[in-house]
Amino acid sequence: MEYDFKSIEKKWQAYWASQKTFKAVVDESKPKFYVLDMFPYPSGAGLHVGHPLGYIASDIFSRYKRLKGFNVLHPMGYDAFGLPAEQYAIQTGQHPEITTTNNINRYRQQLDRIGFSFDWDREVRTCDPKYYKWTQWAFLKMFDSWYDPAKDKARPISELIEKFTTTGYDGVTPEKWASASDKEKSDILMRYRIAYQGETAVNWCPQLGTVLANDEVKEGLSVRGGYPVEQKKMTQWQLRVSAYAERLLKGLDTIDWTDSLKEMQRNWIGKSEGTEMVFNTICGDRQMPITIFTTRADTVFGVTFMVLAPESDLVEKLTTPEQKAKVDEYLQYVKKKTERERIAETRTVTGVFSGSYAINPLTGEKVPIWISEYVLAGYGTGAIMAVPAHDSRDYVFAKTFGLPIVPIIEGCDVSEESFDAKEGKMCNSGFLNGLDVKEAIEAAKDYVEAHGLGRRKTNYRLRDAIFSRQRYWGEPFPIYYKDGIPTPIPMDKLPLELPEISEFKPTEAGEPPLARAKDWTFEGYPLEKSTMPGFAGSSAYYLRYMDPDNDNALVSERADKYWRDVDLYIGGTEHATGHLIYSRFWNKFLYDLGYVCEAEPFKKLINQGMIQGRSNFVYRIVNTNTFVSAGLKDQYQTTEIHVDINLVRNDKLDLDGFKAWRPEFNDAEFILENGEYICGWAVEKMSKSMFNVVNPDDICDTYGADTLRLYEMFLGPLEQSKPWDTKGIDGVNRFLKRFWRLFDNLSEEKAKPEELKVLHKLIGKEQEDIENFSFNTTISAFMIAVNDLMALGCSKREILEPMVVLLSPFAPHIAEELWHMLGHGGSVADASFPEFIPALAAEDNVIYPVQFNGKMRFTVELPKSASPAEVEAFVRGYQQTAKYVGDLKIVKVIVVPGKIVNVVIK
RNA sequence: GCCUUGGUGGUGAAAUGGUAGACACGAGGGACUUAAAAUCCCUUGGACCGAAAGGUCCGUGCGGGUUCGAUUCCCGCCCGGGGCACCA
């Protein structure tokens, strides 16, 4: 019978849907396993062949774990709020909800064709009010909490108020608290809330009309859209992620992620341990101490000037009247520059002298205070002590403005560049002289602390997350302004639904789109007009999957206690410093308040590589309509033109198809090589404009979903990025057909040892490989097994039936059909993974030389005491037992006494 | 610049420190077929020796090292992918 994948796949997809085969139910009697994919943003372009890569891998793992007896939770949903739908709405007036729903439907159709084992009853959409009720809930919880440094966790804000009223806290005395107005109280509490409103320098994108978080900006451009971003001081909602910096860092040691991803997060968190030091200043007759942060307290004897960030509050206070004009000019200049220009001009050094001087607290020396944009307002204290001899940035600055450079490490040459390395012996440094740099750092810290000049301090680069967006298509903030005081709407009024508006762009007055909503008020007071950013909805979606229909809690205690955390999370690295930080933060916050039972949400994380496109080119001879084959193009002057890859097979161009493709090519002529037109190719991003997009639907049409699944895995290691090239797909398709054909004359005979060996080798290999996420080698092993069985002429149920189960995670449709043909009811997903019997797979290679290509090598462990003579005797004896195979001859024996013997025989 | 990955045939790739290139694609040859498709078989890293069977040498980015033995481990370079980038 023919392998008719079309009807098979349709049939079993319908079966899984109607039988709810993959519905997950809490069952404390079974071990759980939670496999999660990063849910997609449903874009208008639909899925291309690269998107399902991770989903296929996670699906294989889910199905495998299920065969292993686990109760598997494998959900899917949509990250449905976001900019593209809104931008589209602004252009067309189409409501983002309609676009989003259409896109979701399209995604669902495409996903369904691939045969995933998702429990669709648990689907979530971040734009669904029933879902974002819990996003708003979490926000209100954060609003209603503060970070208690003593307990090192988030606590209800009521505990802080209690402190204020009774003992006082952090400079707020009971008297001060009692006499404060409501507005003042609100302002004080704002300084502590986990979700708070505060003025800060933000990334403002004028084209998008919204602020963006740090991870949404790359090289001064918005990640979405690529528009310039500028720095601007604004009052925004923020999340106090920085309070969790240390825990986010420490938590990395407890989870199984790749080193590179953990490293990325560590860099993003950017812990640095140093010293805060106070420098007194002379500014006319005023005293104005500057606090600076340094990791190199040892270099304090090398300080020759100070630098303030242009945005620093100290600038105004330390500028002398004589310098004021120049400083103001400089500040204007800095302000005008966009973030992008600042980055582009990284090498140009700018700055201005403030007119004031600082006193080095260790030497008493007087050094000038400068202002320069190379010092960042947002990090440390916005002021530095400059040590040009040992810091390359200070060095360039000093050279540019002719400031002195004083080396303080013995023997270093600072005539051309600074000496930044933390090594060598100190000199010119008073009591630090003669110490090694590392010792000197500690000694200087001790000295500074002992003399009250400063203290040890740990700084983090991780900033609080800007949480408001001046957009429409996001979660509304459940906050209204009662007499100007931000007030949460009551929990039982959630969700606060997004209002209908007629137009989606900002108002003429520059207010967010929500200002257009009629009656956007709560109890007569105005509601917050900005909405939450994209990461809000994706920060706790993995928790919601555990209990998606619960109206009373984000997740019930029972569901949380059972599913706990994600055992395997598969997704791209692009979320390393965004979603994966925010989610961990969000989870830790909920953990602090006792809503979830695990401190880390994602136990194991795998990053699937990107699938790139493989573009094809034709070469048109300049000023003609003649196209020359790639091998001959160097003989002519040609222009390279992208050609639709659907017109190309194995790099050979379909000439008629090409002529019909575009009117301008109707009368194209070709210069062929060996009768064929060979196209050039290149690896590029998969995109419509390069005509290299491959749609999984097309692959499903011509080869079937099982072939698609196998091929995506067969392409190479999961973590690696690789170009999609359809040309190898015939191989896996042939493999499926061959496997199918083995069942043509199924026999009930008992299997022979060599047949059992094939099976058990495969079981062992598959088990090992899947646990290591090495799916490509599993498929290879499967191909070898099928080839071996064909060579042995084996079509025995005893062998084939377990093989169907083994194949089912990879190619579930064909497996279901064969399982059914073998007389089983139900789904192969309910079978058990075959038991591995090592003895049956053992490599007694002398008896079955078939897989060794006529040559063999074996390695035997010998007792340490074995002498060369004994080794030789052993080898001869071994050769005796090899008599079945015919004439074997020892070719090479490598003996290391007491270790290993290597014998090559043929 | 710093961090992190990777570099193996025409291509995708495989190799607990132990026959480098499994498996697959492509290519070449052959079988079946009126023909095509499908299917099956053989060859396929390079150079050389041989009529053949078969054999020899060289080969995993480059240079060293450890080891009986290195694609694998160590040190130093070169090149590509990803991330961070005035973070004091």
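What's counted below: heavy atoms across the whole structure, side chains too, no hydrogens, waters or symmetry copies. Just so we're on the same page: letters track the sequence lines, and every chain starts at 1.
- With 3.5 Å as the limit, one finds no donor-acceptor pair spanning the side chains of Tyr460(A) and Ser242(A).
- Under the 3.5 Å distance criterion, with hydrogens and angles disregarded, a donor-acceptor pair is assigned to the side chains of Ser272(A) and Tyr379(A).
- Across all strands shown, Ser272(A) has heavy atoms under 4.0 Å from sugar-phosphate atoms exclusively, and none from any base.
- In this structure, U66(B) forms no base pair with any nucleotide, since neither Watson-Crick nor G-U wobble geometry is met with both distances under 3.5 Å.
- Summarising the base pairing, A13(B) is matched to no nucleotide, lacking a Watson-Crick or G-U wobble pair whose two defining distances lie under 3.5 Å.
- Of all nucleotides present, only G26(B) satisfies the Watson-Crick or G-U wobble test against U44(B), with each distance under 3.5 Å.
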What N/O pairs connect the protein and nucleotides 74-84 of chain B at under 3.5 Å? Give each pair on its own line.
from: C84(B); atom 1: O2'; to: Arg461(A); atom 2: NH2; distance (Å): 3.1

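- Asp769(A) and Ser774(A) share no donor-acceptor pair across their side chains, judged by distance under 3.5 Å alone.
- Shortest non-hydrogen contact noted between Ala785(A) and Met803(A) is CB-CE, 4.2 Å.
- Arg584(A) forms no cation-pi arrangement with Trp268(A), by the criterion of a distance under 6.0 Å to the ring centre and an angle within 45° of the ring axis.
- Scanning both residues, Pro388(A) and Ser418(A), for their nearest heavy atoms gives O-CB, 3.4 Å.
- Across all strands shown, C84(B) pairs with G1(B); the Watson-Crick or G-U wobble distances both stay below 3.5 Å.
- Of the nucleotides present, C79(B) is the one that pairs with G6(B) by Watson-Crick or G-U wobble criteria, both distances under 3.5 Å.
- Base-pair partner of U71(B): not found among the strands shown (Watson-Crick or G-U wobble, both distances under 3.5 Å).
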Taking N or O atoms only and anything under 3.5 Å, show me the protein contacts with nucleotides 22-29 of chain B, one pair per line.
from: A22(B); atom 1: N1; to: Ser780(A); atom 2: OG; distance (Å): 3.4
from: A24(B); atom 1: OP1; to: Asn787(A); atom 2: ND2; distance (Å): 3.1
from: C25(B); atom 1: OP1; to: Arg734(A); atom 2: NH1; distance (Å): 2.5
from: C25(B); atom 1: O2'; to: Lys727(A); atom 2: O; distance (Å): 3.1
from: A27(B); atom 1: OP1; to: Lys652(A); atom 2: NZ; distance (Å): 3.0

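- Base orientation at G30(B) is anti, since its O4'-C1' glycosidic dihedral falls outside 90° of 0.
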